[in-house]
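If you read the sequence from its start, that first residue is 1, and numbering goes on from there. If you're wondering where the values come from, they're calculated on a predicted model, not measured in any experiment.
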Amino acid sequence: MNVETPKGLAPEVEVEEPRLYKAREPIFPKENHGFFRTLKWRILVLALVVYYVTPWIRWDRGAEMPDQAVLIDLANRRFFFFFIEIWPQEFYYLAGLLIMAGIGLFLLTSSVGRAWCGYGCPQTIWTDLFMWVERRIDGDRNAQIKLHKTGLTQDKLVKRIKKHAIWLLIAVATGGAWVFYFQDAPTLAVQLVTGEAASVAYITIAVLTFTTYSLAGLMREQVCIYMCPWPRIQGAMLDENSLTVTYNDWRGEPRMHGTKRRDRAVALGERVGDCVDCNACVAVCPMGIDIRNGQQLECITCAMCIDACDAVMDKVGLPRGLVSYNTFKDYDLAVAGTPPTRPAWKRILRPRTLIYMAVWFTVGFAMLASLTTRSRLDLNVLHDRNPLYTQLSDGAVRNGYEVKTLNMMGEPRSFRLRIEGLEGGVMAVAGSDAAPGDSVTYEVAPDVLRSLRVYVTAPAGPERREFDFHVEELRADGAAGESDRVGGVFHGPSRP
């Protein structure tokens, strides 16, 4: 039964709720060729080879040490990088590396924009790899668009299964390579296959498989646009002398679609830009943007649009560089009719980037100098807290200490421990039959922290006396070895 709307009242209209989130529109970049595409392929291959092969490189450190060149040994709290060995107390080296990475990223961005995002970021590298697999199975851009719009057929189902299976294999290999950095790679590989590996290894591989598959295969450009903070930060890193991918509209506008129409317009004396409106720059963009609309947050400065545009310019007989790496300052000069003549290196070398370079090299040289001069011996002394001292029957006073000697080398070493600055003081090691004296000799195994229980005895005196524990290496050839010194406090009874 129809219900009439009373006069004077408007009929009810269903209001559609606004959508707060826009559904992802699939992007199908066209396969591209050119200088920058070749550069990206070379960086991709190099990065993947380094990532997957590095854990399998062997490095002889002796019988007592792991022979993996790069190893993060969490069990023994050490990091090995070829001939460099980092201990927990040397964590400042990691801080130095992080500082260098940050300054390097600032330098790169202020010089050539988001080149890190376009060439070196793991998200970009694995996404490029996944898209390469996709093209080998589904075809290039037009074939992918056609397949996407087609309903589910047997051919489409087979291609989807094949593509996602290969993606999953790459994702599993990515997670597997990561865990090899934390344990001997050949041993762990056998344990993973036989089911004898620790559960944390399988969990890590599963997590990295999921993240690699979802981020590089399913989310792709959304990671760069919505998840990564760097697009928002880069605005503070750029200035008028930073190189960015730029559409030179002063040369390209007004656009004219088709070469024949353009030739006719030129013959009639009309002003025509070099852009033939072919959309080649849009078709190859992995982010799906149009560089002709100016600088955009989504642009990762991969320069695929430069290769595509240069190829079109070659075909129509026009000069290259309609889309190019350019600075805001040089762009303004070109618009004013005075194209810049400065070489590219002068655009990069300016006070801001020189300061970044100076800081980067300063931190790097400081770390290198510290690595080459650091001691492979560490002495630590802890005084007993309760009791602070013990008074013996003959009136002498005894203090107890925990003396820890760390041998940070891959060979056993002998040491002599002495006390200096404590008049009449002698020491003895608990469990040793040696008579008390001013020094003791002992050995420390390779890469081991040895703890000695030391009792220091001295005649009664002031309530608090300061002295030193001094340890020196005893070398078989008689040469002077490493030494270390730690200050100590000797407590006694207070005098009335």
Side-chain angles (χ1 to χ4, degrees), residues 42-102 104-105 116 119-130 167-217 223 228 364 367-368 371 374 408-410 446-448:
R42 290 177 178 175
I43 294 175
L44 180 148
V45 172
L46 176 62
L48 293 179
V49 169
V50 169
Y51 177 73
Y52 287 114
V53 174
T54 298
W56 299 91
I57 300 176
R58 303 292 95 185
W59 189 270
D60 184 17
R61 296 189 180 91
E64 303 293 335
M65 303 285 286
D67 61 353
Q68 186 162 309
V70 180
L71 178 65
I72 304 173
D73 189 359
L74 294 179
N76 296 303
R77 295 177 296 176
R78 283 174 296 179
F79 169 61
F80 298 94
F81 185 80
F82 293 92
F83 63 92
I84 300 175
E85 179 182 357
I86 303 298
W87 288 73
Q89 62 269 28
E90 297 174 320
F91 184 80
Y92 49 83
Y93 287 115
L94 177 58
L97 288 176
L98 292 176
I99 292 173
M100 291 184 67
L105 189 57
W116 162 257
Y119 295 89
C121 177
Q123 172 66 20
T124 299
I125 290 174
W126 264 266
T127 298
D128 270 355
L129 178 61
F130 276 43
W167 283 359
L168 283 172
L169 287 176
I170 295 174
V172 171
T174 303
W178 179 256
V179 298
F180 289 151
Y181 283 90
F182 296 86
Q183 191 175 335
D184 183 64
T187 304
L188 181 57
V190 173
Q191 293 176 347
L192 288 171
V193 174
T194 58
E196 299 175 355
S199 59
V200 67
Y202 294 105
I203 294 173
T204 302
I205 293 175
V207 171
L208 291 178
T209 298
F210 170 76
T211 54
T212 304
Y213 172 78
S214 59
L215 297 183
V223 175
C228 180
M367 290 179 58
L368 183 61
L371 277 172
R374 62 179 177 165
M408 293 184 281
M409 295 186 66
D447 288 288
V448 167

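- The shortest side-chain heavy-atom distance between I125 and L129 does not fall under the 4.5 Å cut-off.
- D67 has its side chain out of reach of W59: every pair of non-hydrogen atoms, C-beta onward, lies at least 4.5 Å apart.
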Cut-off 3.5 Å, no hydrogens considered: what does the side-chain donor-acceptor table look like for residues 47-54, sequence neighbours left out?
from	atom 1	to	atom 2	distance (Å)
Y51	OH	T174	O	2.6
Y51	OH	W178	N	3.3
Y52	OH	T174	OG1	2.9
T54	OG1	V50	O	2.4

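- Judged by distance alone, the side chain of Q68 and the main-chain N or O of F180 form a donor-acceptor pair under 3.5 Å.
- When the shell of 6.0 Å around OH of Y92 is examined, it contains more than 12 heavy atoms from other residues, nucleotides or ligands.
- The minimum heavy-atom distance between I205 and G175, with the atom names listed, is CG1-O, 3.7 Å.
- For R42, the CZ atom sits in a loose shell: 12 or fewer heavy atoms of surrounding residues, nucleotides or ligands are nearer than 6.0 Å.
- The two residues L371 and I86 make their nearest non-hydrogen contact at CD2-CD1, 4.1 Å.
- Looking at I170 and W126, their side chains come closer than 4.5 Å, going by heavy atoms from C-beta outward.
- When the shell of 6.0 Å around CZ of F83 is examined, it contains 12 or fewer heavy atoms from other residues, nucleotides or ligands.
- Using the six-membered ring where Trp is involved, W167 and F130 have ring planes that are parallel, under 30° apart on the 30 and 60° scheme.
- Taking T194 as the reference, V190, E196 meet the side-chain contact (heavy atoms from CB on, under 4.5 Å) condition, with sequence neighbours excluded.
- Between V70 and F82, the closest side-chain pair of non-hydrogen atoms falls below 4.5 Å.
- Counting only heavy atoms from C-beta outward, the side chains of E85 and M408 never approach each other to under 4.5 Å.
- Donor-acceptor pairing under 3.5 Å is lacking for the side chains of T187 and Q191.
- Under the 4.5 Å side-chain criterion, counting only non-hydrogen atoms from C-beta, L192 is in contact with Y202.
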